[in-house]
Every structure is written in C-alpha cells, then in structure tokens.
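What you are looking at is a predicted structure, and each value in this text was computed from that prediction instead of being measured. We name chains A, B, ... by the order of the sequence lines, and we start the count at 1 in each one. Hydrogens, waters and symmetry mates play no part in the numbers below; they use all other heavy atoms, side chains included.
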Amino acid sequence: MAATLQAIRGMNDVLPDEAAGWLAFEEIVRDCMHRYGYRNIRTPLLEQTGLFRRAIGEVTDIVEKEMYTFTDELNGEQLTLRPEATASTVRAAIEHSLTYNGPVRLWYAGPMYRHERPQKGRYRQFHQFGAEALGFAGPDLDAELIVMCAALWKTLGLGDVRLELNSIGSQEERARHRVELIRFLETKVEALDGDAKRRMHSNPLRVLDSKNPVVQEATKDAPVLMDFLGEASLAHFDGVKKLLGAAGIGFSVNPRLVRGLDYYNLTVFEWITDKLGAQGTVCAGGRYDGLFEQIGGKPTPAVGFAAGIERLIALWQDAGRVPAPHAPQAYLIHQGEGALEYALLAAEALRAAGHAVVQHGGGGSFKSQMKKADASGAPIALIVGEDEVRAGELTLKYLRRDRPQARIRRDGLVAGFNAALKET
RNA sequence: GUGGCCGUAGCUCAACGGUAGAGUCCCAGAUUGUGAUUCUGGUUGUUGUGGGUUCGAAUCCCAUCGGCCACCCCA
C-alpha cells in the first residue's frame, strides 16, 4: 500500500457528527443576516496576490509570512488563497459597481487560509463569516453591526463574550500620535523586550498591547491615541457609544485596542471570551474608509467585521447549546420475497410527503436491521415482510415509546404515518 | 518561525528492555419476524514513519511527520 495520505497540517475535516452543528450554526447566521438586510456575496477563494498586499498592508504579519502564495504554472500569475474576505468583497464591489446606486449591506461566509502554527482556535484553513456595510459614513452602521453581533450571540445562547471598543482616528491623527509615541518609547528603550524594540518603529501601537508585564509597566504613561483625535473623530466615536448605550449593549473602551490589518480607521472593536485559552477574540471589525481608494476604487466609507466560526462553535459547544442532529422520522426494514421493491416505493411515497425515511441497505438479518433502526435514532421502524406485501400493509413499530405496534394500509400510507408520528 | 508535552486496535487507554492487552464499538448466536438490558463467542495492530543502540525495542537515542498547548500574531 502507498504511504498514508493525510490532510494538510492545520486543515481539518469536519466529520458528520460535528458537521450537523456547523449546519445549524450557519443557518442561524444566515437568518440573522437576512433579518438585518444584509445580502450574501460569494467571492473566489483565490485572488491576485497584489490585492491582499495592497489591502492588508505590506508590513503586516499576514502579508509578510502567513499567506499561501504561489505562481500559477500555466500562465505565471501570482495567486494567493484569501487570508480574509474584506479585500475580496471590496474588490468585487468596485469591479461590479455595487455601490453605484447607493450603499449596500453584504455578508459572506467561508474558508480563509493563513500559514500559521496551528493551536487551539487557530488553524491554517479556518472559517469566517462577516458583514460589510459599504458606502455608509455615519456611526449608525458601526453600531448596527455591533448590535447585530450581540443579537447573534443571544440567539446562540453565548453569555461569555464581552465587547471592547476603541477609536483609532484618522490616518493623520495616527501619524501625529505615532511621532510622539516613538519619542516616548525611545526614552524607555532599556525596559523594552526584543519584540517591543523590533516593533517600536515598524508598528509602535503594537508595543502598547504587549503581554510582557515589564513592557506594560514601562508604557503605562505612553501618549494615548485618543488624546490626538480631532473633533470629527471624537464625534463619530461618541455617536457609536451613544447608540450602543441606547441599545443596552455593554462595552469597555480599550484605548490600546488596535487591529492587525492596516486598513482600519475610526471605530475598531473586538468581541472577546476568556473561555478559549489564548485565542480569545471571537469576532473583530471596524471602519475602513480608505480601503476602496487603496485598491483603486472611488472613495467610499465602509465598516465591517469578521467572526471566527471554529471559535464560536467551540464556545457554543462549551455552552451546551448545539442542537442534537436530526434523526430520520422512520427506518424502513424489509425482508423476503418482493419486500425490497415494495419498501422502496413506500419510502418514496413518504419522502415525497416531506418525511425523512432511511431504507435499510446492504442486507442483514432481521435482528441486525432492527439494531440499525434503533441506532438511527428514528422514532418509528417500518417493517415490510412477505406478510405485509401480501396484505398491502406495513407494520409500524414505535421505538421510543411503549406502545403496541400496528399495521397501516399501503394505500393510506401517508395519512397513517402522519397519525402515528403524532403519537411519538 | 520558537518552545514544552504527546503519538499503541475505529474510539478511550494499559503494558515502560523480555510472548502487544483491556474496555468500548462492530459482527454472530442465545431469541428461525422485533432494537436499546443481560449472557456466550468472534474480528480488529508494520505500537505514526525512517534510522540507530541492544542477544532482544511499544519501551532507550536521533531524525522526520502529525497532534495538543503556549509564544509571536490573529477570527
């Protein structure tokens, strides 16, 4: 036998037992998006590498070392598996002039790819859903997205997520703060660790959310970005906070909250849990008013978020809220002369009426068929033997209730079955 | 990319230098047309892979692949 083939590291099979939960989860997300007026968009998993380099930022970790990038050997194009979907969504919006007639609300879901070392809640192929409100400038959409998330957590029954909020202002405001921050960090350089020193010039904001207590202590009097925000930025932030207050959504302002991707401005937010170990961020987003221009579109304000499906499903499981998979309504056992054809047609009649009926396959003794019927979780076993075929009937046995089994007429099958289902 | 722990039956695990085992699951029978309990019997392995040490390796050593967790970073 050839060497065993296995899935690529960090890319997981979602097996049927678990996939049932995924389907239920996705259905809840779809329903939520629909209720808020967001329309689905499906973009390719593969894009030109340049899209992500320009959108996400050349000096981010994602672009520098985490992208699955390769050359298409057939035509020499540089391609990348999407590490996130906002860039693709905006690219599609520009390419198809989606905001020509005014702003649009969009949502997506699907796999993303980042070449990181796998650990709890972090995989090389992982799944996100997200929403993007394109063409809206005011704080109302920032708030709407956050309110929508809160509603979704409520539907899912997740209690252990908290909201952190910040405003990172405009590019100009960040630039002025950056100068002051670097000046401050240079005075503390002996207290900084290697990571902090490295980032001091490349991404000084990142130094502020270091997990190293020594670095935290040394930077506790660092210049705060919030103090550099002008009137317009502060008004926008106040608008968001006021709406969240009105909606009764609790949050804490974290002045050190920054986002990993370059395209954000003004509002940034994260939904965080303490229940998933080191990967506590379950959903994150913010405003990205500059992104359209950055990748060649007309200036268009926009705001969005992305949520990690694996992380949310893990939380959902912890909370014990994942619904049990649907069992079939009946398991159909057959044995003897003419029973197979008879059973097949009976099953088809029930399925046409909307019922989930599993017909036993692969032979086996009557006893083993009964065992399969039990294991299927179905409330009812339907039995077809030579007796039933001759009589034009089926035997109906309740598997989960102590009720006598009964014969039902084949020509009144659907009605008889419906009546029996009510007794389960 | 860095570090720690770990890879034995489909699953959960034992054996820690001397014959690879248990539970569970699965299959069959007890019960020839009636499941989930019980009893009886049965199948299941290149001990992740490749080298090395040894009379002898699941066990010790090295490499490699994979898993888990953390760092970095992120959803």
In whole angstrom, give me the gap between the [atom1] atoms of [N] and [M].
| N | M | atom1 | answer |
| --- | --- | --- | --- |
| B:G10 | B:G18 | C1' | 30 Å |
| B:C16 | B:U2 | P | 35 Å |
| B:U43 | B:C5 | P | 40 Å |
| B:U44 | B:C6 | C1' | 24 Å |
| B:G45 | B:A22 | C1' | 14 Å |
| B:G42 | B:U46 | C1' | 23 Å |
| B:U64 | B:C55 | P | 28 Å |
| B:G50 | B:A9 | C1' | 23 Å |

State whether A:Lys275 and A:Asp160 are salt-bridged, where the test is any N-O pair (Lys NZ or Arg NE/NH1/NH2 against Asp/Glu carboxylate O) under 4.0 Å.
-> yes

Sidechain N-carboxylate O distance under 4.0 Å for A:Arg91, A:Glu95 |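 Looking at A:Glu95 together with A:Arg91, the answer is yes, because their closest N to O distance falls below 4.0 Å.
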
Among side-chain atoms of A:Thr80 and A:Thr69, is any donor-acceptor pair under 3.5 angstrom?
->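 Checked: A:Thr80/A:Thr69 side chains pair up, N/O donor to acceptor below 3.5 Å.
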
Send over the distance from [X] [atom1] to [N] [atom2], rounded to a whole Å.
| X | N | atom1 | atom2 | value |
| --- | --- | --- | --- | --- |
| A:Glu66 | B:C72 | CD | C1' | 9 Å |
| A:Tyr113 | B:A75 | OH | P | 17 Å |
| A:Ile56 | B:C74 | CD1 | P | 11 Å |
| A:Arg124 | B:C68 | CZ | P | 11 Å |
| A:Arg114 | B:C72 | CZ | C1' | 14 Å |
| A:Ile62 | B:A75 | CD1 | C1' | 10 Å |
| A:Asp374 | B:C26 | CG | P | 10 Å |
| A:Leu257 | B:A75 | CG | C1' | 14 Å |

Touch class at under 4.0 angstrom, heavy-atom based, for [X] against every strand present:
| X | result |
| --- | --- |
| A:Gly121 | base |
| A:Phe129 | nothing |
| A:Gly377 | nothing |
| A:Thr60 | nothing |
| A:Glu64 | nothing |
| A:Ala373 | nothing |

Closest nucleotide of RNA chain B for A:Thr281 versus for A:Lys65: which of these residues is on the 5' side?
-> A:Lys65

Nearest-nucleotide comparison on RNA chain B, the residue closer to the 5′ end among A:Met11 and A:Asp61 = A:Met11

Dot-bracket encoding of pairs in RNA chain B, which uses [ ] for pseudoknotted crossings and | for another strand, Watson-Crick or G-U under 3.5 angstrom = (((((((..((((....[..)))).(((((.......))))).....(((((..]....))))))))))))....

Could you please name the option among [options] that lies closest to any side-chain atom of [X]?
| X | options | answer |
| --- | --- | --- |
| A:Arg9 | B:G66, B:A75, B:U34 | B:G66 |
| A:Gln335 | B:A75, B:G33, B:C71 | B:G33 |
| A:Gln405 | B:A70, B:U34, B:G33 | B:U34 |
| A:Lys371 | B:G33, B:G35, B:C74 | B:G35 |
| A:Ala278 | B:A70, B:A75, B:A28 | B:A70 |

Distance test, side-chain N/O of [X] to OP1/OP2 of [N], below 4.0 Å:
| X | N | value |
| --- | --- | --- |
| A:Lys120 | B:C69 | yes |
| A:Lys372 | B:C27 | yes |
| A:Arg400 | B:A36 | no |
| A:Gln119 | B:A70 | yes |

State which residue, out of A:Gln78, A:Gln48, A:Glu64, A:Glu58, fulfils the side-chain hydrogen bond (donor to acceptor under 3.5 Å, both in side chains) condition with A:Arg53.
->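 Exactly one candidate clears the test, A:Glu58.
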
[N] base to [X] side chain: any donor-acceptor pair below 3.5 Å?
| X | N | answer |
| --- | --- | --- |
| A:Gln369 | B:U34 | no |
| A:Arg117 | B:C68 | no |
| A:Lys397 | B:U34 | yes |
| A:Arg206 | B:C72 | no |

Please confirm whether the backbone N or O of [Y] pairs with a side-chain atom of [X], one donor and one acceptor, at under 3.5 Å?
| X | Y | value |
| --- | --- | --- |
| A:Asp289 | A:Ala302 | yes |
| A:Arg259 | A:Tyr264 | no |
| A:Tyr342 | A:Glu393 | yes |

Hey, do the aromatic rings of A:Phe417 and A:His355 have their centres closer than 6.0 Å?
-> yes

Are A:Trp107 and A:Phe129 an aromatic pair by the rule of ring centers under 6.0 Å?
-> no

Answer yes or no: is there a side-chain heavy-atom contact under 4.5 Å between A:Met112 and A:His127?
-> no

